[in-house]
Structures are given as structure tokens and as C-alpha cells.
Amino acid sequence: MIQCEGQGAVPAPGGVEDVEALLRCLCLRMPRGRQSSMQGRGRRWLPLLVRALRRLYGQRPDFDHWVSDIVLGAASVAAQRGPALLELDAARERAPGWFLAPGRLAYSAYVDRFAGTLRGVEARIGHLKALGVDYLHLLPFLRARAGENDGGFAVASFESIEPRLGTLADLERLCASLRAAGISLCSDFVLNHVADDHPWASAAKQGVPGYRERFLVFEDEATPRHYERTLRQVFPQSAPGNFSHVPELGGWVWTTFYPYQWDLNYANPAVFRDMLVALLRLANHGVEIFRLDSAPFLWKRLGTDCQNLPEVHWILRALRAAVALFAPGVLLKAEAIVTTGQLARYIGLDDDPSPQCHLAYHSSLMAASWLALTEGSGRIVERVLAATPPTSRLAGWVTYTRCHDDIGWNVLRPELSDEPDGGEARLRRAAGRLCGLEDGRRARGQPFQTGGQSGVHGTNGMLADLVALREAHSGRLDPLGLRRMLLLTGLSMTSGAVPLVYMGDELGLTNTDWSEATARPGQDGRELHRPWMSETALARRCEPGTLEHRVFEGIRHLAAVRARTASLAGDVRLRIRPSPVEALLVFERGEAFVFLGNFCGEAVALDPAWALLDAAHEWADALTGAPIAPDGVIDAWSQCWAVPRARTDGQA
Ligand code: GLC
């Protein structure tokens, strides 16, 4: 029986009537003026939330207690949501596909590297607007572990901001300023683990009852060894293994990432409840989008690789239903760096009707774009896109060329599985080409977690250095390097719902100085592509003729053309058109957009691909306005965004 204040006990949420009773309790927690809207939402989402919780915790004798505890605990937080955010909730409920409009553009940055502090970020809004950004992903800014903290991904408190970056008041102010400028703030929400100095971890170390159970602790090494047989390694070189010995715990704790990041035990409903409350509190401060960090790892089962297990998806369904109930203006984005086949479920593309995340990173597509560039062939991208199911009307992909992490190659293994060596040689060659001299151009990437017996793992580096934007000897802009950069960016602008630009790439910033990167705490190779924003580069982007101006204008132009191309809305279907020319990648979005990208270093004749364009139209390149002629060519590393001609000359 559920205890509901002022109503006595109500039945457990087993059937429709029980959910109705819970809904009545929930509405009583809301301020009067919000009770009827909560009724409406509750009818749709509460049964889904209860169903997901039942799949996770239904075996427990105290299930009823937990359901009401989770739902009513979250409701108490939602009751405090402020008027501006309630307005946003209402507007987004009226237009649930708002985030799939063709003009969406995301930008991702570390607060300190980008702008020093949260207040400093406000001063950068003009820069973001100039590029066309309307979605700002700030990498972790909550209070992090003292000392090494994986760039803030070891969270010590979900309730406070990292002191050197600002305060909760600064966060609220920034969210409001961004909102006023039409930009949504996205925050990381590190779901899978907390830092070893988070209060739950400290309490577990001190033996406070109820806290050890929030983690996965094993008294002897035998069980971890059993698990290890089927687990993979995220950092095989710098943090091998998935368990760490902690003397205060008298045993081994599960640590998928670094030893100081303790995986949470989601089989314990208290963990789910408290994480949900933490997320909703941040939403009440004004965060509009949550990047659900390391989502695949949330549930463990012996004998599996402990990734993408069905329970992970029930956790995400429960979170989605809770967000839809309590902060419906908020989006969830999955950070699931998994194979194309596994990825679709994260945005609800499976047989179950209840939605999961609104967005997910398409990391196979990202890795494939690099493989394609190094091979001079669009085939691997073709394969990944062909394996990607069409998204639904209310979900989409985040596409990108670079982010704060390495280019992880392993996600491409299924697409390469028909190679005799599983694709190892191709990946090794691609990774090598991004790290050295090739055809007279010097790419300046570095291998990540690669070496020893394990296969090729990842590659680090800023976009500019990976595409060899600058001439090796003079340091001046290489026009072919710019083309390579814009080709990859153009692919990300046309192939999903929300393309993402990583801080500094829009100015052609180079890798972090190596001596600085290696001196940073933790000596994590990914620091190579975590440079400081350069005031000089920012100033030069306004000076025609400079490298920064040319790069910025090139990317801005792609974003601007994209924004006015209706076919590039996130929910318009993408279809591969198998290209007769290996170098050329061809796909269409809807009926009125065709992407043609030449991934090799020589011009290719358009002629063989011409037949792929619908003969009923005359076509033009939306990027240049020039008509497309069948006897034309697509230059080395160039692209063409073909649209029916009437649309570019205003006759449509
Ligand atoms: C995510 C982050 C990465 C971090 C890891 C552990 O993959 O993107 O930077 O190291 O999670 O939190």
C-alpha cells in the first residue's frame, strides 16, 4: 500500500486504478495551479514510469514503497520549478519536436578552457550566436574530486558547482542569459559513477549503513575475476581492469573507468531515486539538456560485457518518463559509444513503445568519417549509414567530427567484420595516417590507449591537426586542408539532427602544447585536444584573409545553409544512394536534398553519380548557388549539397 499524505493508504501501483491513486497523491504535491496539467501528463507518463520501475525493481518485496518514494520524491522537487521554466515546459509540450528543426547547432566546451568561469561563458554568447549555435554543451562543471578527476567526470557533489568555475547562482544566471539568447544549456550528468570522495563513497568507506550497497563491492578477488573474463577495457593502458582494491572497503569496488570513479549500483532503488532527484534539481536551476554520460554501463550481469543490457534501457525509459512528467521541457541525450546496431535502442528505436533518450551521439558515423578520409573512399560511411535505422519523429542523432574524447575505433568493428582480420589492419592504417606524414601532409594526431597486445583503440587530436589544416613547413593554411575539414563538418551538418562543433575547431585551433598536455594532472592523452581558447584567434576570426576567418566563415556558411534547408530537419529520412564511384559518398534527405562528398585527393567526374539525381529537377549546389552540370566534377575533398534548382533561385 502507498502512503499518501492526507489520503491514507492507497493500493500498490499494479494496475490502472493503482496508478490513478498514485497520480492523485502526486498531484497533491503540486501547487494548486499545476494540478490539472500534472493530471494530463500523469495519465500518459506515470504508467510508463511505473512499468519501467517494475522491470527494474518489481522482484523486491518493498517495491510499492520504492515506487511511491521515487515518484513522490521527484514530485517534491518538481513542485519547486520556477515560472520561466514552467513556461518553457508548456511551450515545448506544445511542440515536442522543437529540437529537430534544421537550424540546430550544438557547441561543446570545457568551461575553464572556453571562458574561465561560468560568468565568462556569458561573455562568449556573441561568439556562439555568430556561428549559429543554439545548444551549448558545457563539459562537467559540478564540484569534482580533488586532484585527478577525469576532466570533471569524477563528480564529488551533484549539489554544487566546482568552486573555481562559479556558483549555483552563476549557473542560474548563465542559463537565463543563454535562454534569452535562444541557446539551451546542456550539462553532463554522470550517471554511471561518482568520485571516491563523493559523500556516498566516503560514507561507504566509513561503514555508514546503507552506503556500501550503493556501489558494487566484492570482498575477494574471485568474483571480479569472473566478471573480467567477459568485460572490455575503456582505458586498457592507463587504467587496466574494471575493479579497484579499496582497503577501507575491505574489498574490490567496480570502477569501469579510473580507479577513483566508483560505478553506482542501479539495482539499488535508492541510487535511482537520488540520481533522479539530483537531475531534476539541476533542471530547476535551468539546465535544459542532459548528456547522460556512460549510459551503456549502468547494469551488470556476470558472463556479459556489462554494456547495453536490457535494464540499462529500462533505466533510461524510467528517466525519460520522469523527465516528461516533472520537467517536460528537458531533453536527454545518450552518450553511448557503442556499435551502430546497439545505438538505435538508446533513442527508442526498438519494439517497445516507451521512449528513451531524445538524442544520442552517432559515434560510428564520426569514426567512419575519419576512416573514409584516410582511405579516400566513402564506402565505410555508406555502410554505417545503411546500418542506421531511420529515426522517429521525436528523436535524432548528434553528429560530430571531434569532441573532448578520442576517436574510438572499436565501434566500427561490426562494419569491418567481413575483413579477414576484423578490420584491424584498416583501422591501424587509418590511425597511423592521422598521426604522421602522408602524401606530403603532416597530420598531428596521437594514438590513445593503443599498444601491446590489444588492437588499435583511439586517436587524439584537434580537428585542424588531424586534417593537416596547415602546411607542414610554412604553418600557413593549406586550402586542401580546409576542404578536408569542411568535408567532414559538412557530413556532420547533413547526416543527423543536431551537429556539434567542438570548441576551437571553428577557429582551426591546434593541439594543446605537448609539454602542457603532459603536465596536466592525470597525464591523460586526450588533453592533446583540450586546448585553451585563444583571444588572438577569436579576434582574428573577424579579420578577412586570416586562417581563423576562413575556417570560421567556412563552418558558419555550412551552418547557415543548413539552417535554411528544410530537408535537413532532424526527422527527414536519410537514404543512401550506393555510389558508382568509390570516392564519392551519396545520400539523400527526403526528396529535395542530395549530399555528394568526394573523400579522395583527386577530382572525380560527376557523370557516373549524375544518374542518382532525380531527372525531374534541375539541380544546384546549395553551398555555392551554382547549377550542377552532368559534365562537372567534384574537386578533391569537396562536397556538393544538391537541391532542386527552383529552391535556390527563389521560385519554389
Ligand atoms: C565519458 C566521457 C569521458 C569520460 C568517461 C568517464 O565517456 O565523455 O570523457 O572519461 O565518460 O566518465
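From a predicted model like this one, the values you see are computed outputs, not experimental measurements. One-based numbering, in listed order, for ligands and for the atoms of each.
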Which of the atoms in ligand 1, numbered in the order shown and given with their element, are less than 4.0 Å from a heavy-atom of [X]?
X	result
Phe153	2 (C), 4 (C), 8 (O), 9 (O), 12 (O)
His193	6 (C), 12 (O)
Arg291	2 (C), 8 (O)
Asp405	2 (C), 3 (C), 7 (O), 8 (O), 9 (O)
Arg526	3 (C), 4 (C), 9 (O), 10 (O)

Mind checking whether Tyr258 and Tyr260 have parallel, tilted or perpendicular rings, split at 30° and 60°? parallel
Parallel, tilted or perpendicular: ring planes of Phe218 versus Phe243, cut at 30 and 60 degrees
perpendicular
One thing to verify: whether Arg143 and Glu159 come together as a salt bridge, which I'm taking to mean a side-chain N less than 4.0 angstrom from a carboxylate O.
no
### Message
Whether Arg104 engages the ring of Tyr135 as a cation-pi pair (distance to the six-membered ring centre under 6.0 angstrom, angle to the ring normal within 45°) should be assessed.
### Response
no
### Message
Tell me if the NE2 atom of His226 is crowded by more than 12 foreign heavy atoms within 6.0 Å.
### Response
no
Tell me the protein heavy atom at minimum distance from [atom], and give that distance in Å.
atom	value
atom 2 (C) of ligand 1	Asp293 OD1, 3.2 Å
atom 7 (O) of ligand 1	Glu335 OE2, 2.9 Å
atom 4 (C) of ligand 1	Asp150 OD2, 3.3 Å

| task | Look at ligand 1 and say whether Ser294 reaches it with a heavy atom at a distance under 4.0 Å. | result | yes
His127 versus Tyr107: any side-chain heavy-atom pair under 4.5 Å? yes
Rounding to 0.5 Å, atoms CZ (Arg225) and CD (Glu228) come to a distance of 10.0 Å
